[in-house]
Amino acid sequence: MLLGKVRYFMRNYRLVELEKELITIVSKVNILTDPKKTQFYRQGIRVGGGNASMVVFPQNLLQLWKVLRICINFNKIIIMQAANTGLTGGSTPFGNEYDRDIIIINTVSINQLIVLNQGMQVLAFPGTTLFQLEDNLRPIGRGPHSIIGSSCIGASVIGGVCNNSGGNLVNRGPAYTELSLFAQLTKEGELILVNHLGIELGESPIEILTNLEAINFDPNKVSDTNKLASDLDYKNRVRDINSQIPARFNADKRRLFESSGCAGKVAVFAVRLDTFPLPKKEKVFFVGTKDPTDFTDLRVKILSENKVLPDMGEYMHKSYFDGAAKYCKDNFLFIKYFGTKSLQKIFRFKQFLDTKLSGLEFLPNNITDIHLQFFSDILPNHLPKRVCEYRNKFEHYMIFLASDDSIDCIRKTLNEERLNRNFDFFECTEDEGKDVLLHRYVAGSAPSRYKKLNSHKAGELLPLDIALPRNCSLWHDILPEYILSQMSESFQMGHFLCMVFHWDFVVKEGVDFNKLKESIFLILDKNNAKYPAEHNVGHIYQADTNLSSFYRNLDPTNSFNAGIGKTSKKKNYE
């Protein structure tokens, strides 16, 4: 008993000393210790959550470096976090079975973006968002690797790189770079800064970080390098329709390199990424069918015969179409009429209200979501008339975004295949196309809103991010009815040309969650599926041997994001 009290006292004393040192770097206003105030940062948006001693908000790269050094000196576990949009709990604690205190370092304030070589590439900092990247590139006629971005609004560029995210744009591939600046802890316990940006910035960490942030180099004369800043081979790899291996997945050794796929096992300060020319013209095609094999055959024809691939081929089952129409209507309307920046401000205000109201016992849980849903329900239908007609007529939908030369290719293919199949399609007007893409864009928020509003019958959320083999033809029929019957609700969509699917399930109350999950994984293994495909293992999936070895090499002392991929949470992986 006495020994326990002594340990408790010493732990709290050390935390007080740690906070004092951190205050000298970031000031007290940028440190949260109150559990109510840290709850948002400790809780995953879909799954996960646990205790953290504090949340620290460095305001620049040099502060981030100093904060890291102090936390390492105090032997703490560090979780790097930006917008906290991870779907598998990978940017928050997961449970409380850790052997050290957890410090969350939130980098949203460090959001500088540097355009390189007249826009051919960019340098993104830890808090730079996909919104910000797209907005900055559009005026110069360039675009990022992804325009849908994350399944959660406000995701960071570096978060995408660390988690192998993206890939919905077939010709650009998922987020990947071999050019980054990151802090790494050696097995001897020394924190080092590794500059692999291909830009000369000095020798010491202070020199490098100061020169980078002040742009003490000519951004339009950055030297070329033979290292990749995007996945250039992806559009060829996805065409291999006979392969028994998925086109992309998190544990693919071809795309694990330093910051790329690191899942927070190093602290990434900056990444250098390619940009892409914006098309001169675009066209959205909306396709519907009752028979999913129509889409199977259509995919084979497009990938094997079309000389130019469409930019995007997004599948939506009616479950996700309807879920997005009902539960994401408010997000859709905010973005359509006020822009993405307004939605980020609204999210921050909602977060503030949720934190303030969570301690009031006389109010129901999720009071803000209840009110947002109420106002959404009384507003008139927001989707185009022709799209709604297809919703009533069909069960499966495909959204093709084509540009320039690929427009005629996809139009010709759809017209030819329609003669022999049961699907139908129409070419969207400009306004219809924008609405269809926006509907798909906001859809990822539907499962969590459903769960919040149906807590009386909904158990845990099971977000599955599945990469099926490129030769898979039974993608629509893999999970049997005895599995699906244990779900309170299911939402299904995917990046169809890639055979990457998002099956988001809300499990019924009382169902054995872990047993159900293992049953699903056994079925997926029999079908040569890989999981996760693009949202990282987080704390839902078991990292395979390749991935766990990659994590150990990056972080030999297990001080960054301990426990990721169901690895050990203990010091040195004991």
Side-chain angles (χ1 to χ4, degrees), residues 44 46-48 87-89 151 244-246 249-250 289-296 299 315-324 326-327 391 394-397 443-444 446-496 498-535 537-544 565-566:
R46 288 196 182 179
V47 297
L87 301 184
T88 55
S151 296
Q244 298 181 15
I245 302 171
F249 51 97
N250 275 111
T289 186
K290 294 180 180 178
D291 184 356
T293 60
D294 288 339
F295 288 167
T296 303
R299 172 180 172 270
Y315 166 76
M316 292 186 81
H317 183 260
K318 68 176 182 179
S319 58
Y320 235 128
F321 185 98
D322 292 352
K326 180 175 179 62
Y327 298 112
R391 158 59 190 92
F394 301 112
E395 184 177 349
H396 306 270
Y397 320 100
S448 56
R449 173 67 67 82
Y450 170 87
K451 183 179 185 302
K452 289 176 181 178
L453 299 180
N454 295 275
S455 57
H456 60 287
K457 61 178 180 180
E460 295 188 61
L461 191 60
L462 178 57
L464 296 178
D465 170 27
I466 309 301
L468 296 176
R470 280 164 279 179
N471 66 350
C472 180
S473 60
L474 298 177
W475 53 274
H476 52 87
D477 201 27
I478 287 178
L479 296 182
E481 181 58 33
Y482 82 87
I483 291 289
L484 297 176
S485 65
Q486 300 181 66
M487 309 300 179
S488 172
E489 189 58 271
S490 65
F491 303 87
Q492 300 175 48
M493 63 181 176
H495 311 308
F496 192 68
C498 313
M499 282 283 103
V500 167
F501 291 90
H502 301 298
W503 299 335
D504 296 308
F505 299 111
V506 183
V507 179
K508 286 181 179 178
E509 186 71 37
V511 169
D512 188 326
F513 179 82
N514 291 320
K515 184 178 179 180
L516 174 63
K517 185 172 66 172
E518 292 306 316
S519 297
I520 292 174
F521 288 165
L522 285 173
I523 295 170
L524 294 174
D525 291 341
K526 290 179 181 178
N527 285 275
N528 294 325
K530 297 288 186 181
Y531 44 88
E534 60 174 356
H535 289 156
V537 288
H539 292 277
I540 289 182
Y541 304 96
Q542 179 83 44
D544 72 5
K566 298 187 179 295

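Note that the structure is predicted; figures quoted are calculated from it, not measured.
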Using atom types as modelled and distance alone, determine if a side-chain donor or acceptor of K566 lies under 3.5 Å from a backbone N or O of V537. no

Side chains of L464 and Y531 in contact at under 4.5 Å (non-hydrogen atoms): no

Taking salt bridge (charged side-chain N to carboxylate O under 4.0 Å, His left out) as the definition, give me every residue that meets it alongside K326, ordered by chain and number, with sequence neighbours left out. D377

Within the 4.5 Å heavy-atom criterion, are L462 and V47 side-chain neighbours or not? no

Taking all non-hydrogen atoms of both residues into account, name the closest pair between A443 and M316 and its distance. CB-CE, 4.1 Å

When rounded to the nearest 0.5 angstrom, what is the spacing between CD in Q244 and SG in C472? 11.5 Å

Under 6.0 Å between ring centres: does that hold for F295 and W475? no

Considering all heavy atoms, the nearest S473-T296 contact: O-OG1, 3.6 Å

Gap separating the CD atom of E489 from the NZ atom of K457, nearest 0.5 angstrom: 7.5 Å

Looking only at non-hydrogen atoms, find the nearest pair between A446 and F491 and report the distance. CB-CE2, 4.1 Å

Assess the pair H535 and H502: is the distance between their ring centroids shorter than 6.0 Å? yes

Between Y315 and Q492 the two heavy atoms that sit nearest each other are CE2-O, 4.4 Å

Are H476 and H317 side-chain neighbours, meaning at least one heavy-atom pair lies under 4.5 Å? no

Within-4.5 Å side-chain heavy-atom neighbours: R470 and R299: yes

Say whether Y320 and D504, considering side chains only, have a donor N or O and an acceptor N or O under 3.5 Å apart. yes

Least distance between heavy atoms, E534 atom then N250 atom: N-OD1, 3.5 Å

Is there a side-chain contact between I478 and I466 (heavy atoms, below 4.5 Å)? no

Closest approach of F513 and V507, non-hydrogen atoms and distance? CD1-CG2, 3.9 Å

Do L484 and F505 have side-chain heavy atoms sitting under 4.5 Å apart? yes

Kindly compute the distance separating OG1 (T289) from CD (E395), expressed to the nearest 0.5 Å. 9.5 Å

Find out whether W503 and L524 are in side-chain contact, i.e. whether some heavy atom of one side chain is under 4.5 Å from a heavy atom of the other. yes

Determine yes or no for a side-chain-to-main-chain donor-acceptor pair under 3.5 angstrom, with T88 supplying the side chain and I540 the backbone. no

As a quick check of understanding, evaluate side chain to side chain contact (heavy atoms under 4.5 Å, CB included) for D322 and R391, giving each step before the final call. CA-CA 9 Å; D322 292 352; R391 158 59 190 92; 2.5 Å; yes

Approximate separation, where rounding is to 0.5 Å, of Q486 CD and L516 CG: 5.0 Å

Measure the spacing between CE of M493 and NE2 of H396 and express it to the nearest 0.5 Å. 16.0 Å

Between N527 and A529, is there a donor-acceptor pair closer than 3.5 Å when you use the side chain of the first and the backbone of the second? no

Note, N528 side chain near I245 side chain (heavy atom, < 4.5 Å): no

Given F321, which of Y327, F394, Y397 fulfils the ring-ring contact (aromatic ring centres under 6.0 Å, His included) condition? Y397

Say you draw a straight line from OG of S490 to OH of Y450; how long is it, rounded to the nearest 0.5 Å? 9.5 Å

